[in-house]
Amino acid sequence: MRETSAHIPEWLGDWVGGGGSLLLMTDYDGTLTPIVNDPEDACLADEVRERLRALARTPGVRVAVISGRDLEDLRERVAVPELIYAGCHGLEISGPNLSFSHPDAEAQQDAVHAVSMALCMGAPFIEGMRVEPKRLGVAVHYRHVAAAGRQELETVLARSLHRKGGQFKLIHGHKVIEVLPQVSWNKGLCALWIRDRMMIELPAPMIVFYMGDDWTDEYAFEILVGKAVTVRVGEAHEPSKADYRISGVHEVERLLTNIASEVVERRAS
Ligand SMILES: [Mg+2]
């Protein structure tokens with residue numbers, strides 16, 4: 001894996017200028033916005049929004065944001081209508097002429113809501129526990145739960161899952177445990193699904209980018225080997241299947257600025 005920041009866009013401008021198309025897929029938290037204490041505060045910088053908007057409005061270019069967040073939450077935070085959005089780790093996808101909701105997840109929606117409800121009822125007894133219901137999942141935030149309350153939180157979670165009798169998948173993130181329906185789907189399969197649709201829609205040849213900062217993005221890095229240019233965001237503590245690594249969110253901003261200026265200008269000229 002190579003360290004990078006600036007040299008990718010040099011040839012990308014030539015690519016798009018020569019008639020090739022571009023699909024840029026990116027994660028949200030930790031990639032487009034810094035990781036913050038409260039996920040509610042993870043706001044997109046106006047400059048980044050403008051880059052995404054400029055790219056998405058360029059002919060032959062599509063931008064997709066793929067996140068663990070609820071689809072509507074993600075759409076409101078990014079607030080660029082031209083984009084493709086994938087929420088709940090790709091279980092729901094929505095964009096111009098694009099709509100998908102995983103049928104196996106839909107089938108388990110009632111069970112997920114029942115777990116959500118049980119967790120909400122347990123939350124007042126554990127100081128700092130916050131439950132975030134989503135349409136196809138639920139997240140339990142424990143950043144503000146004292147160490148002494150963690151065991152209790154685990155018990156509430158285990159009881160909520162057990163009592164509802166469904167089949168669930170747990171995803172451990174930054175001080176958050178996400179409960180999702182047990183469906184063989186992830187950000188990687190979602191990215192591939194979007195890429196396959198765009199191969200029909202956009203002129204060939206198409207180049208694909210995927211950027212992300214945590215282990216759930218590794219599904220995409222792995223499945224896109226040989227199919228995309230992949231970029232892991234963050235310090236080099238953990239191994240990654242991505243082609244490139246960049247150090248953090250402000251490097252992502254720089255990369256997006258470079259891509260946007262190369263691509264938008266070349267397409268306009
Ligand atoms: Mg992330």
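Just so we're clear, the structure is a prediction, and the values are computed from it rather than from any experiment. Numbering of ligands and ligand atoms starts at 1, following listing order. When reading the values below, keep in mind they use all heavy atoms of this one structure, side chains included, and skip hydrogens, waters and symmetry mates.
Other residues, nucleotides and ligands contribute at most 12 non-hydrogen atoms within 6.0 Å of the CD atom of Glu127. Lys175 NZ: 12 or fewer foreign heavy atoms inside a 6.0 Å radius.
With hydrogens and angles left out, the side-chain atoms of Arg245 and Ser240 include no donor and acceptor closer than 3.5 Å. No side-chain N or O of Arg77 forms a donor-acceptor pair with one of Ser67 less than 3.5 Å apart.
Listed by chain and residue number, the protein N/O/S atoms under 2.8 Å of the Mg ion (ligand 1) are Asp27 OD2, Asp29 O, Asp213 OD1, with waters left out.
Sequence neighbours left out, not one pair with a member in residues 115-124 passes salt bridge (charged side-chain N to carboxylate O under 4.0 Å, His left out).
Taking hydrophobic clusters as Ile, Leu, Val, Met, Phe, Trp and Tyr residues chained together by side-chain heavy-atom distances below 4.5 Å, Leu91 does not share a cluster with Val115.
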